[in-house]
Amino acid sequence: MNRKWKSIGLAAFAAALSLTASFAEASGVLSIGRREDSTTFDPIKSAQNVDNWVFSNVFDVLIRVDKTGTKLEPGLAESWTVSGDGLTYTFKIRDAKFSDGSPITAEDAAFSLLRIRDNKASLWSDSYKIVETAEATDPKTLTVKLKTPSAPFLSTLALPNVSVLSKKAVEAGEDAFAELPTASSGAFTVKEWRRGDRVILEKNPNFWQADRVKLDGVEWISVPDDNTRMLNVQAGQLDTAIFVPFSRVEELKRDANLNVLIDTSTREDHLLINHEHGALAKKEVRQALDMAIDKKAIVDTVTFGIGTVANSYIPKGSLYHYDDNYQYPYDPEKAKAMLAEAGASDLALNYVVNAGNEVDEQIAVLLQQQLSKAGVTVNLQKVDPSQSWDMLVAGDYDISVMYWTNDILDPDQKTTFVLGHDTNMNYMTRYKSDKVKDLVAAARLELDPKKREAMYVEIQKTAKDDVHWIDLYYSPYINVSRKNIENFYQNPLGRFFLEDTVKN
């Protein structure tokens, strides 16, 4: 998923400060503190972790990514075959039910796949335009025909946004479904969504793996202030909390009542650059900015050494990551000279900062100081994170730090989003390169792994040379739980396996 968080505002903040008696205090109900509230329960209409991480336990997909985050495994499709020409995929749908007791059929699966491709509100249509047809050839057989062979197609079916939805429930009213889905295919159902406060989930007795689910329910509670969220876990008001600030890790480790959980992730933090704003359109200017930023200092100061310097948009450990990708050396004097040569010696930048996020604010101050050594004036504009996304879409910024976590195993999804000229304007950077665009399209079709890897190496090298954005650092997921909580875990793609979590 991707970008990724929104604030819930002062009213919700006040509510979060005084967590009152709730469903979550019941035995067997897990409470999870998070920064932000959900935005929708319609999977095709979100591209944010705050939603996808909930979708993963409310809706099920045809094909899942396993706990290691390294391979695919059966989900609602218990098996599948691929034709010799790579164009026809046949899926056998397992005997399963939605939470309302209705059967999950191949028609529901076909409906969900075509909806993410065709619905005007879908944020993911680009990834599924390769689908020519999807039809139920019988109640338990889904046949999908592609326009061309596609190396990442099976991986894209594990995306939470293409979960199998009830055709009947969605067609009864899309807007109502987005607010409170009446049928779910996953481990939990949505009992209630108190906007700005919490999402309340209950165990789905009709889930095809219901015997695996140990919890009676889950509450995702919005506590936007990082320190307040940590204090609530320490006080026992929350069972768990996510997005532990780097600065609190060692302190929380010393608390005998807590477990600090550090899980391998695909997270990369990066500095977005608006290529359509003045001098930022020049590659030499963007290269100078990259050279003026001391990434190691950011890792040491902001992440307390927990992160590692990033060198590619494809995170370390992910498929086709190019470990030897070029790194611009930290050299503010050379950067200053390059800016002068490019006619940008008086460069002033508007930096949109997510207010209230401890790490984002620390990075902003550091970058402001570092860039000033190259003669760049950086004006910090702190905004509520609920505003920042719209500002990026509108192009109302020069630079801004955001982050991304992979949603599927294959690099095609992120590559398409950030470099492939998609509807997101290459993740709001407005970056354009016909060479890269053609490579992205070709890599999607190349079935030979070695040839495909070579294509992704070339993409990473070219994107780095162009400075489509500035890679900052990779970091793990850092969460915290009370000692009585077991198996609270995220795989590298961010999925929480709440069907295995136990509250003792």
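In this chain, numbering begins with 1 at the start of the sequence shown. What you see below is based on every heavy atom in this structure, not just the backbone, and it leaves out hydrogens, waters and symmetry mates. Since the structure is predicted, the reported quantities are computational estimates derived from the model, not experimental observations.
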Please work out whether the ring planes of [X] and [Y] are parallel, tilted or perpendicular, with thresholds of 30° and 60°.
{"X": "F417", "Y": "W404", "answer": "perpendicular"}
{"X": "Y427", "Y": "W389", "answer": "tilted"}
{"X": "F91", "Y": "Y89", "answer": "parallel"}

Enclosure of [X] [atom1] (heavy-atom neighbours >12, cutoff 6.0 Å):
{"X": "K45", "atom1": "NZ", "answer": "yes"}
{"X": "K145", "atom1": "NZ", "answer": "no"}
{"X": "K67", "atom1": "NZ", "answer": "yes"}
{"X": "E107", "atom1": "CD", "answer": "no"}
{"X": "K214", "atom1": "NZ", "answer": "yes"}

Under 3.5 Å, is there a donor-acceptor pair linking the side chains of [X] and [Y]?
{"X": "Q234", "Y": "N257", "value": "no"}
{"X": "S46", "Y": "D51", "value": "yes"}
{"X": "N487", "Y": "T501", "value": "no"}
{"X": "T189", "Y": "N204", "value": "no"}
{"X": "D225", "Y": "T228", "value": "yes"}

State the [atom1]-[atom2] distance between [X] and [Y], to the nearest 0.5 angstrom.
{"X": "E219", "Y": "D239", "atom1": "CD", "atom2": "CG", "result": "9.5 Å"}
{"X": "I242", "Y": "R35", "atom1": "CD1", "atom2": "CZ", "result": "8.5 Å"}
{"X": "L159", "Y": "L62", "atom1": "CG", "atom2": "CG", "result": "12.0 Å"}

Heavy atoms only: give me the nearest [X]-[Y] pair and the separation to one decimal.
{"X": "F41", "Y": "P181", "result": "CB-CD, 3.7 Å"}
{"X": "T416", "Y": "N426", "result": "O-OD1, 4.0 Å"}
{"X": "N232", "Y": "V223", "result": "ND2-CG1, 3.9 Å"}
{"X": "R482", "Y": "L238", "result": "CG-O, 3.6 Å"}
{"X": "W124", "Y": "P43", "result": "NE1-O, 4.1 Å"}

Worked check of side chain to side chain contact (heavy atoms under 4.5 Å, CB included) between N49 and Y403: CA-CA 10 Å; N49 283 342; Y403 83 93; 3.3 Å; yes
Sole residue of K316, K295, K414 in salt bridge (charged side-chain N to carboxylate O under 4.0 Å, His left out) with E268: K414
Single hit among N325, D471, T415 for side-chain hydrogen bond (donor to acceptor under 3.5 Å, both in side chains) with Y313: T415
Distance under 6.0 Å and angle within 45° of ring axis: [X] vs [Y]:
{"X": "R198", "Y": "W193", "answer": "no"}
{"X": "R248", "Y": "F246", "answer": "no"}
{"X": "K203", "Y": "F188", "answer": "no"}

Stepwise side chain to side chain contact (heavy atoms under 4.5 Å, CB included) check, I470 with H270: CA-CA 6 Å; I470 296 176; H270 41 256; over 6 Å; no
Pairwise side-chain contact, L472 with I298, heavy-atom cut-off 4.5 Å (strictly under): yes
A364: side chain to side chain contact (heavy atoms under 4.5 Å, CB included) partners, not counting sequence neighbours: Y351, V353, L380
Results of side chain to side chain contact (heavy atoms under 4.5 Å, CB included) for T308 - residues two or more places apart only: Y474
Lys/Arg-Asp/Glu bridge criterion (N-O < 4.0 Å) met for D269, R267: yes
Side-chain donor/acceptor of T70 to backbone N/O of D66, under 3.5 Å: no
Any residue meeting ring-ring contact (aromatic ring centres under 6.0 Å, His included) with H321, in chain and number order, not counting sequence neighbours: none
Ring centre gap for F496 and F488 strictly below 6.0 Å: yes
Qualifying residue, where the test is side chain to side chain contact (heavy atoms under 4.5 Å, CB included) with N161 and the options are D42, L123, I116, T156: I116
